[in-house]
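The figures that follow rest on heavy atoms only: side chains count, while hydrogens, waters and symmetry mates do not. Quick caveat: nothing in here was measured; it's all calculated off a predicted structure. Residue numbering restarts at 1 for every chain, and letters A, B, ... go by the order of the sequence lines.
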Protein chains: 2
Amino acid sequence: MEFKHQATVTLAEVAEAAGVGESTVSRVLRNHGSFSGKTRERVMAAVERLGYVPNRIAGTLASTGSRLVAFVIPSLSNIVFPDVLRGASAVLEQNRYQAVFSVADYDPGKEEALAAAMLAWRPAAVMLAGYEHTEGTAKMLRASGCRVVELLDLDGDALDIAVGFSNRAAGRESAAFLLRRGYRRIGYVGHDLNRDTRAGKRFSSFCETLDANGTPLVAHEILGGPSSVENGRLGLERLLARATDLDAVYFSNDDMALGGYFHCLAQGIAIPSQLAIFGYNGLDIGRAIPQPLSTIRTPRVATGEIAAQLIVANAPPQAVDLGFELIEGATA
Amino acid sequence: MEFKHQATVTLAEVAEAAGVGESTVSRVLRNHGSFSGKTRERVMAAVERLGYVPNRIAGTLASTGSRLVAFVIPSLSNIVFPDVLRGASAVLEQNRYQAVFSVADYDPGKEEALAAAMLAWRPAAVMLAGYEHTEGTAKMLRASGCRVVELLDLDGDALDIAVGFSNRAAGRESAAFLLRRGYRRIGYVGHDLNRDTRAGKRFSSFCETLDANGTPLVAHEILGGPSSVENGRLGLERLLARATDLDAVYFSNDDMALGGYFHCLAQGIAIPSQLAIFGYNGLDIGRAIPQPLSTIRTPRVATGEIAAQLIVANAPPQAVDLGFELIEGATA
DNA sequence: ATGAAAGCGCTAACAG
DNA sequence: CTGTTAGCGCTTTCAT
C-alpha cells in the first residue's frame, strides 16, 4: 500500500509556465550549461510560483548516476555506528548526497540480503563494516561496479576502499600497555565474538601478545548476545567467581568495561590497585566516571567523514589508516 | 563525480534470455499477477545466469509509488534516535522499504532544507522529531502529499500521524514523584532548551507542578551545547556551588543525570540521602550503575516500530500515545 | 543560448 | 497466462 503522489508539479509544467523548453529548466536548476540571466529569472520565478520540487528518482534514472550512499551496518544498539553515520552524513549532506541505511544485526547472511536490496537503488557506494562478508556479498559487490567502502578494520584485503585502523594492533597495544604497567594475571570479558569479528581480532592479538610475554591469559568469560553495560557487569562477576587472583581485566569494549567498573564500585573492589580495567572505543562517558576509563579511543566520526569524502571525490581504491589513541586513564 | 554504472543487466535482457516478454519478467519478479510455474522457472534461471539486479529507481519512477522512508532526525550523538531508527528499520526491512536519513542538528532551518532534499526522492513518508518545525517545513510537507510522522512528542497538533508520548506529562510526573518522596528544595540541570524543545516542554511542566505545590524550583543551571555526561557533571558542580541546600536535582536526560551521579560519587555526596537525582530516557546504563537511576523510561524503539508499521499499512492520520514508565530506581 | 526528441529501465493497462 | 505499448519525469545529445 505505498503512497501515490498527488498531482505533483513536473519540470514540463515549469517549462510551460516559464515559456521555455524543458532542457532549459533543467540547465538552470542544475546550474549546468549556459543560459541567460533573464531566462534564469523567469525559470526561478515559475519554480517558486508552482512550488516545484525536482524529482530525483527521475533525474537519477535519466543520468544513470546516483547520489545515494548505502550503509549496511551491523548494529544501532550502541553509539559506535551512529558515530560513523554522523561523520559520514555531515559530509554527504554538504555534497547533496543522500544516506540510506539498513541494519544487518551482525549476521553475514542478512548483510548479503540487505546489500542486494541496496544495490537495487543503484547507489554511488555501499559502505559496510569490516572485511568479513559472505562469498555471495563479495561477488555481488564486485559485480555491481559500484564503489565499496569497508569501515573500521584494516586487517585483511579490501574489496575497494577501506577506512579505519587495525583491530589487531589495538588488541596488541592494549596487552602491551597492561604488561608495561606490571599486570600479569590478566582476564578477559567479552560478548559474542563469532558475530563481532573485529572484537574477535582484538581478543586474539591481545592473547598472542600475552603469550609472547610468557604470561598467558588466565581466564575469560564470553557472554552471548550483544555487548552492554549489564553484560559487562555480569561477565566480570562470573569471571571473578572462577578466577579470584586476577590483577587486570580486558573488556571487549567500553560498554562492557563500564559494567565491570560499576561491579567493582558496588562490590568495593579497589580500582586499579585490586583490579585494573581496560576497555575499547573511548566513549565520552568513560571520561566522566570518577576514575577515567583506561581504553583505546577509536576515530569513529572521522572514519565516516573520510569514507564519505573519498566517495564524493571518487577517489581510487585505497586503504586509509586513521589509527587510534591509547588513553591511559585511571583504571589501569 | 558520481558513479557511472558499468554495463548493468536490464529487465529487457532477462526477458530476451528467458524468451518471454518484459512484463512477464516483471510479474514473476514481483510475484504479482499470474504466470505459469514453467515460465517462472525460466525467468528465474535467466535472472540467476545473468546476475540481474532489478533497478528500483526505474521501478519507482514507473509505478509512481516509492518504498523509501525518509528520516530527518535532530541528532545521532546519543542513543535516542538510533533507537528509534533501529525500531523503524526492522519493520521497514521486512516490508521491503528502504530507510533514508539525514541529521538536522536540532536546527529548524537545517531541518527545512533537509526535508526539502528528502522530498525530491518522493518518499512514502517523512519522519521528523516532534512538532516544532518552521512554517516553511510544515507548508512544504503538507503540499507534498506524502505521509508525515512526527515522533516522540504528543503535545501539539500533528500534521498527519504522531507517535510518542507527552513530554509535558513526563515532566509533570517527574515532579510529582519527587514531591511524593518528600523532596522540597529541587534544582534543575539541563542542556540547550531552545534547540531541544521536547526537553523544554518537560522542564516547563516540571516547574509548573512544583509551583502548584507551593515549592517552586530553587535553582537551575542550563549548559549550552548538546547533552552529555560531562555537561551533566559540570552542570551539577556549578549548580551546587550556587545553591548548597538542594535535596534533589532533575536533569534534562539520563546522560546529564549520569554526569551528576558521577559527580556525587567523586565528591562523596551521598545519594539519595544528601542529594537525590532524577533523569529522563531510561537508558540501559542507568540500571547498571551501583544505584539504579531513578528516571522515566521512554519507548524509543517502539516509537520507531509503530511509526513504520503505520506507514507500511497506510494507516489514516492519528496520534498514538505509547506512554512512558516511571522507574523508581535508587537515586531519588 | 535554447528547443526537440530520444531515451534511462521499469510498471501498468490493455489486448489477445 | 502472456506480449505489446505507452508512459513515469528527467537528462542529454544534437540541432538551430
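Remark: P of dG9(C) and CH2 of W121(A) are 16 Å apart, rounded to the nearest angstrom. When the P atom of dG9(C) is taken as reference, atom CG of L50(B) falls 15 Å away, rounded to whole Å. In this structure, F35(A) atom CZ and dT2(C) atom P are separated by 9 Å, rounded to whole Å. What separates CG of L61(B) from C1' of dA12(C) is a distance of 13 Å, to the nearest Å. When rounded to the nearest whole Å, the span between CG of N55(B) and P of dC8(C) equals 12 Å. Rounded to whole Å, atom C1' of dT2(D) lies 11 Å from atom CZ of R42(B). Going from atom CD1 of I57(A) over to atom P of dG9(C) covers 15 Å, rounded to whole Å. Atom pair K38(B):NZ and dT2(D):C1' shows a separation of 14 Å (rounding to whole Å applied).
The CG atom of D160(B) sits 10.0 Å away from atom CG of L310(B), with the distance rounded to the nearest 0.5 Å. L154(B) contributes atom CG, which lies 8.5 Å from atom CG of N167(B) (distance to the nearest 0.5 angstrom). Distance check: R122(B) CZ to L68(B) CG gives 12.0 Å after rounding to the nearest 0.5 Å. We find the OG-OH distance between S89(A) and Y97(A) to be 15.0 Å, quoted to the nearest 0.5 Å.
Of the possible donor and acceptor atoms, one in the side chain of E93(B) sits under 3.5 Å from a partner among the backbone N and O of V103(A). Under the 3.5 Å distance criterion, the side-chain polar atoms of R195(A) are left unmatched by any main-chain donor or acceptor of P74(A).
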With the criterion being N/O to N/O and under 3.5 Å, what pairs connect the protein with nucleotides 3-7 of chain C, and how long is each?
unit_1	atom_1	unit_2	atom_2	d
dG3(C)	OP2	G21(A)	N	2.6
dG3(C)	OP2	T24(A)	OG1	2.6
dG3(C)	N7	S23(A)	OG	2.9
dG3(C)	N7	R27(A)	NH2	3.4
dG3(C)	O6	R27(A)	NH2	2.4
dA4(C)	N6	S23(A)	OG	2.9

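The shortest distance between the side-chain N/O atoms of R122(B) and the OP1/OP2 oxygens of dC8(D) is not below 4.0 Å. Side-chain nitrogen and oxygen atoms of S36(B) include at least one within less than 4.0 Å of the OP1 or OP2 phosphate oxygen of dT2(D).
Checking dT2(D), dC10(D), dT2(C) against every side-chain atom of A58(A), the shortest atom distance belongs to dC10(D). Checked against dT11(C), dT2(D), dT12(D), the side chain of T39(B) finds its nearest nucleotide in dT2(D). Among dC1(D), dG9(D), dT11(D), the nucleotide with an atom closest to any side-chain atom of S34(B) is dC1(D).
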- Item | Step-by-step side-chain contact (heavy atoms from CB on, under 4.5 Å) determination, L85(A) to L76(A) | CA-CA 10 Å; L85(A) 292 180; L76(A) 278 176; 4.3 Å; yes
- Message: Show, in sequence, the C-alpha distance, side-chain angles and deciding distance for R198(B) and D153(B), and conclude whether the salt bridge (charged side-chain N to carboxylate O under 4.0 Å, His left out) test is met.
- Response: CA-CA 7 Å; R198(B) 285 170 296 290; D153(B) 197 358; 5.1 Å; no
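Comparing the helix axis at one end of the helix from dA1(C)-dT16(D) to dG16(C)-dC1(D) with that at the other, each defined from 5 consecutive pairs, gives an inter-axis angle of 30° (nearest 10°).
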Tell me which donor-acceptor pairs under 3.5 Å the side chains of residues 110-121 of chain B have, and how far apart each pair is, sequence neighbours excluded?
unit_1	atom_1	unit_2	atom_2	d
K110(B)	NZ	D105(B)	OD2	3.2
E111(B)	OE1	H133(B)	ND1	2.8
E112(B)	OE1	T134(B)	OG1	2.6

